[in-house]
2 protein chains.
Amino acid sequence: MKRPTIADIARRAGVSKGAVSYALNGQPGVSEATRQRIVAIAQEIGFNPNSAARALSGASARAVGLTLCRPARILSIEPFFMGLISGFEAELAARSYALTLQVVATPEQEVEVYRRWWGERRIDGVIVTDLRENDVRIPVLQQLQLPAVVIGGPGDTGKIAQVWSDDAGAITEAVRYLVALGHRRIARVGGLPDLLHTRTRTRAFEEVCTSLGLNEAVTMPSDYTGEEGGRATRRLLIGADRPTAVIYDNDVMAVAGLAVAQEMGLSVPGDLSIVAWDDSPLCSLVHPPLTALSRDIAEYGAHAARELLAAIDGKQVSNVEAGTAHLTPRGSTAPPR
Amino acid sequence: MKRPTIADIARRAGVSKGAVSYALNGQPGVSEATRQRIVAIAQEIGFNPNSAARALSGASARAVGLTLCRPARILSIEPFFMGLISGFEAELAARSYALTLQVVATPEQEVEVYRRWWGERRIDGVIVTDLRENDVRIPVLQQLQLPAVVIGGPGDTGKIAQVWSDDAGAITEAVRYLVALGHRRIARVGGLPDLLHTRTRTRAFEEVCTSLGLNEAVTMPSDYTGEEGGRATRRLLIGADRPTAVIYDNDVMAVAGLAVAQEMGLSVPGDLSIVAWDDSPLCSLVHPPLTALSRDIAEYGAHAARELLAAIDGKQVSNVEAGTAHLTPRGSTAPPR
DNA sequence: CTCCACAACTTATCCGGTTCAGTAAATTTT
DNA sequence: AAAATTTACTGAACCGGATAAGTTGTGGAG
């Protein structure tokens, strides 16, 4: 079955290719009657413009790219990215942009993918996650002049748009809450230490602990996996001065931490309070359900997609903060015994 | 910064566009010396062929499509799809095919996306998940002659390639194992009842229970969400003749079921044994870790991708079984008290 | 020495849209 | 009523590759 082209429509309507193009794109240059006739024919034969031909004649590819730089075993379980993707989609589909995805192993590979995609004119822009300090991707994006939006700042990205959420504010709220419950020894299991938002969180965590007069603010670095999260928790709990509350940088590690506590015979929240960052259905799934720092990740993604589309349209965009995570108390936090 | 084209290379090498095209594609028609010179120049200036131009001149789009038809809140937590995507990617990236993704709400929307993608020549083929009985997508794919591979059979898909795993064998193994432990009242919390593989599992579950002389084989239909899985578990456990073992159709529902049991004061595995289908890190994360039917989902995805690429290359492919899930016993199963 | 075959190119066309420069007819302006 | 403008188109060029068809130049066979 041959797929119809504008030439087919032109023949059937008895006009030229140009007229068909004007008619279908809402451009002036055809009468209303002709336009309707052409649109009707296009509808009837199920015409879709060849995206390659369109992209070739100067227009855009109508696609944006996203690379995921995490090992498969983390990606599969980490709810964050799927939530983000759902959010992107809502915006992109509305403007019929496609989302092109690639799983990579390293930031260097990621850069290669950007170069290739942009060189191939496969995409009009990219969404960059996991911003790092002195991120190798930023200068490449600038050099290529590839429209982009960065998630996970704030950081130094020059003219590249950013979307971030107020991580410092969120962790401050969580610590204040735990202190209000009576906790004095609060630890944290952090995400990948290289990521900029991990650093922001660590710094804010230390600051609020100091300001509230807590003697120490231990952050165990981790990597978002359940195994590491569990190990870090075990290390925290075997110490003499074991914490009475732990804040986790993602939900997967929090769930793993809960399991470790249960396995060690500790009661949650009696002996240990747990706070998860990023509230996914996972948090309400386990017993007890986890107190979490909630934010609307899909909306966060949608926000990023809107910024990216604006950047693609050539609008100069400033950095945008997309809301603070707020504390959703559930069964995993209580005053210490 | 203008992105280089073969014309740029041709000018610098002092040859024609055609020669450059032959050289870069390994076609005969240029001398080895010239080819190397051209390749070197292409490398130096960072040339990537414009995918649109390539697609336009008869070649393929070098992209495949995948639609995800689940609400965002399920997608975000369901590890299956991300695992599948990782598997696709491994194959696709190796042959530098791009993966285009779209989240949709209904199979009808999915069909629309297929039509559009194919009409736009945006993709060369699609991966279809969640096969249903009398699936509306199958006739459309056949009519469009859109290369495809279906995951989730076996079912009637005509000439469209299928990849499936032996669900009947897996559930039989699980039930036999539970019976060997001494269980006589085994229930199941199933996935979406419309899906073909859910039916296969249900039928096999009933058969093996009958053949082993168990009086009843209750399957509570569910929808893969934690909430529903928890609710179904609660309904099973409040009955007079409550089961001593439950098999769940995905890991998320199994974790939710575990939480419900704990919340009702039942000990796992003492009072209730739990088996999860599809072993994700989630299963080893909770306490006790869940006995699961494991299969390599990424490999499953890779398999599907290979079949799809074969179909795109015009090879007639037969249906392929991609291995049976095998039982991984962990702490959530034991003889009943 | 001529003819042929073949390598190593060049030239031109095509893919299917977009867009610009025409052009004839209709409408408005003066 | 003639001139100017506008409307509604057509025709052709163009985007950047792939590729079929044509053009040289060279070496070997006869």
Side-chain angles (χ1 to χ4, degrees), chain A residues 1-39 41-42 45-63 96 116-124, chain B residues 1-39 41-42 45-63 96 116-124:
Chain A
M1 219 194 58
K2 200 178 147 297
R3 287 166 282 185
T5 70
I6 50 168
D8 298 324
I9 300 178
R11 205 175 314 114
R12 289 188 54 162
V15 294
S16 68
K17 275 169 54 179
V20 175
S21 178
Y22 291 138
L24 295 178
N25 291 303
Q27 300 283 101
V30 281
S31 67
E32 197 46 42
T34 309
R35 183 189 307 273
Q36 285 179 10
R37 190 156 47 92
I38 289 171
V39 168
I41 293 173
I45 64 178
F47 169 78
N48 284 104
N50 181 324
S51 62
R54 220 176 202 182
L56 192 54
S57 42
S60 71
R62 296 197 80 77
S96 60
R116 187 163 53 77
W117 276 348
W118 185 237
E120 292 178 345
R121 272 78 144 184
R122 211 179 250 288
I123 47 141
D124 303 317
Chain B
M1 217 193 60
K2 205 181 145 295
R3 286 165 281 185
T5 70
I6 50 167
D8 298 325
I9 299 179
R11 204 174 316 114
R12 290 187 54 160
V15 295
S16 69
K17 275 170 54 176
V20 175
S21 179
Y22 289 136
L24 294 179
N25 292 303
Q27 300 285 105
V30 280
S31 66
E32 198 47 40
T34 309
R35 183 189 307 275
Q36 284 178 9
R37 193 157 44 91
I38 289 171
V39 168
I41 293 173
I45 64 177
F47 170 77
N48 285 104
N50 182 324
S51 63
R54 216 174 207 184
L56 193 53
S57 44
S60 71
R62 296 197 82 76
S96 60
R116 187 163 54 77
W117 275 348
W118 186 236
E120 292 178 346
R121 271 79 144 184
R122 208 180 253 288
I123 48 142
D124 303 317

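Convention: sequence-line order gives letters A, B, ...; per-chain numbering from 1.
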Sugar-phosphate, base or nothing in reach of A/V15, heavy atoms under 4.0 Å: sugar-phosphate

Sugar-phosphate only, base, or nothing, as touched by B/S16 at under 4.0 Å among non-hydrogen atoms: base

Please determine if a side-chain N or O atom of [X] lies less than 4.0 Å away from the OP1 or OP2 oxygen of [N].
X: B/R54; N: D/dA18; value: yes
X: B/N50; N: D/dC15; value: no
X: A/S51; N: C/dG17; value: no
X: B/S57; N: D/dG17; value: no
X: B/S21; N: D/dT19; value: no

Closest non-hydrogen atom pair between B/A7 and B/K17, with its separation: CA-CG, 4.1 Å

Heavy-atom closest contact (A/R12 atom, A/I45 atom, distance): NH1-CG2, 3.2 Å

Expressed in angstrom and rounded to an integer, what is the separation of [X] atom [atom1] from [N] atom [atom2]?
X: A/Y22; N: D/dT10; atom1: OH; atom2: C1'; result: 10 Å
X: A/N48; N: C/dG16; atom1: CG; atom2: C1'; result: 14 Å
X: B/R35; N: C/dA8; atom1: CZ; atom2: C1'; result: 11 Å
X: A/E120; N: D/dG17; atom1: CD; atom2: P; result: 10 Å
X: B/Q27; N: D/dA18; atom1: CD; atom2: P; result: 9 Å
X: B/K17; N: C/dC15; atom1: NZ; atom2: C1'; result: 12 Å
X: A/I45; N: C/dG16; atom1: CD1; atom2: P; result: 13 Å
X: A/I9; N: C/dG16; atom1: CD1; atom2: P; result: 13 Å

N/O donor-acceptor pair under 3.5 Å between B/R3 side chain and A/W118 backbone: yes

A/T34 side chain, from C-beta outward: closest of C/dG17, D/dC9, D/dA18: D/dC9

Residue whose closest nucleotide on DNA chain C lies nearer the 5' end, B/A19 versus A/F47: B/A19

Minimum side-chain heavy-atom gap A/T5-A/N50 below 4.5 Å: no

Partners meeting salt bridge (charged side-chain N to carboxylate O under 4.0 Å, His left out) with A/R35 (sequence neighbours left out): A/E32

